[in-house]
Amino acid sequence: MIRKFDSYERAAMFVEEKRAEGFRAEIVNESVGFLWGSRTVGGFRVEVADEPGGLEEPPPQPDGIFIRLARAIVLVVLAVGVVAAIVSAISALGATIDLAIGIAIVAVISLGGGYLIFRRGFPSD
């Protein structure tokens with residue numbers, strides 16, 4: 001069964017009441033309601049089990065071979081990227097140090113100037 005509520009608070013209170021009675025209940029469009037507004041998406045929808053005792057969660061399904069392969073590929077690409085960044089930083093050590101010094105100088109000037117400006121406030125006209 002699906003129930004709709006105009007506010008998140010009412011939906012959350014209903015979910016807690018149903019869970020206390022032994023029903024499985026959850027807000028199914030929680031993030032969409034916050035993103036677009038509850039009126040836009042038709043309120044916060046709460047899904048409630050038709051019979052009590054639906055509290056136990058189904059056992060998690062093992063990941064398929066394609067999901068595991070995709071994760072492995074992403075990890076390999078990240079590892080190669082990190083190794084490439086370290087090797088290129090070491091091979092061009094002078095340029096890397098110059099870049100780090102330049103970034104540090106800009107950061108000190110920006111943070112120091114921002115502190116001086118906002119510590120005293122803007123001059124009055």
Side-chain angles (χ1 to χ4, degrees):
M1 155 175 55
I2 300 276
R3 296 272 316 260
K4 293 182 183 179
F5 295 89
D6 59 346
S7 72
Y8 177 76
E9 291 79 19
R10 289 183 183 153
M13 287 175 45
F14 180 75
V15 165
E16 291 305 316
E17 290 172 6
K18 288 300 179 183
R19 286 181 179 170
E21 294 173 6
F23 290 88
R24 185 187 57 78
E26 64 179 299
I27 302 174
V28 293
N29 66 336
E30 183 174 356
S31 59
V32 176
F34 285 121
L35 180 65
W36 297 105
S38 62
R39 292 184 188 264
T40 305
V41 295
F44 289 97
R45 289 188 285 278
V46 175
E47 181 180 9
V48 181
D50 293 332
E51 353 179 294
L55 290 178
E56 60 274 351
E57 294 290 324
Q61 298 295 324
D63 292 332
I65 186 73
F66 294 114
I67 298 296
R68 288 186 284 182
L69 182 63
R71 286 182 186 154
I73 290 171
V74 167
L75 288 176
V76 167
V77 168
L78 286 175
V80 168
V82 167
V83 169
I86 291 171
V87 167
S88 65
I90 290 173
S91 66
L93 193 57
T96 302
I97 291 173
D98 290 343
L99 180 63
I101 290 172
I103 291 173
I105 290 171
V106 169
V108 167
I109 291 172
S110 299
L111 293 174
Y115 172 75
L116 291 176
I117 289 172
F118 290 107
R119 178 181 63 120
R120 298 180 186 197
F122 292 107
S124 58
D125 294 346

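Each side chain to side chain donor-acceptor pair (under 3.5 Å) pair with one or both residues in residues 79-88, not counting sequence neighbours, would appear here, but there are none. Residue pairs satisfying the salt bridge (charged side-chain N to carboxylate O under 4.0 Å, His left out) criterion with at least one member in residues 86-97, sequence neighbours excluded, are absent. Legend: salt bridge (charged side-chain N to carboxylate O under 4.0 Å, His left out) pairs involving residues 81-93, not counting sequence neighbours: none detected. Identified under the salt bridge (charged side-chain N to carboxylate O under 4.0 Å, His left out) test for residues 68-83, with sequence neighbours left out: Asp63-Arg71. Within the structure, no pair that satisfies the salt bridge (charged side-chain N to carboxylate O under 4.0 Å, His left out) test touches residues 90-118, not counting sequence neighbours.
The line from NZ of Lys18 to CE of Met1 is 5.5 Å long, rounded to the nearest 0.5 Å. Taking CZ from Arg45 and CZ from Phe5, the interatomic distance works out to 12.5 Å, rounded to the nearest 0.5 Å.
Considering only residues two or more places apart in sequence or on other chains, Arg3 meets the side chain to side chain donor-acceptor pair (under 3.5 Å) condition with none of them. Looking at residues two or more places apart in sequence or on another chain, you find a salt bridge (Lys or Arg N to Asp or Glu O under 4.0 Å) between Glu16 and Arg19. Judged as a side chain to side chain contact (heavy atoms under 4.5 Å, CB included), and not counting sequence neighbours, the contacts of Ile101 are Ile97, Ile105.
Ile27 and Ala11 get closest at one heavy-atom pair: CD1-CB, 4.0 Å. Scanning both residues, Thr96 and Ala89, for their nearest heavy atoms gives OG1-O, 3.1 Å.
The aromatic rings of Phe44 and Tyr8 sit perpendicular, their planes meeting at an angle over 60°, well past the 30° parallel limit.
Taking a 4.5 Å side-chain heavy-atom cut-off between Ile, Leu, Val, Met, Phe, Trp and Tyr, the cluster of Ile67 contains only that residue. Leu69 belongs to a hydrophobic cluster whose remaining members, ordered by chain and number, are Ile73, Val77; membership requires side-chain heavy atoms of ILVMFWY residues under 4.5 Å apart, directly or through intermediates. Through chains of ILVMFWY side-chain contacts below 4.5 Å, Val76 is grouped with Val80.
Looking at heavy atoms from C-beta onward, Arg24 lies in side-chain contact with Glu47 at the 4.5 angstrom threshold. Residues Val46 and Val28 are not in side-chain contact: their nearest non-hydrogen atoms beyond the backbone lie 4.5 Å or more apart.
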Between side-chain atoms of residues 106-113 and protein atoms elsewhere (two or more places apart, or another chain), which donor-acceptor pairs fall under 3.5 Å?
residue : atom : partner : partner atom : Å
Ser110  : OG   : Val106  : O            : 2.8

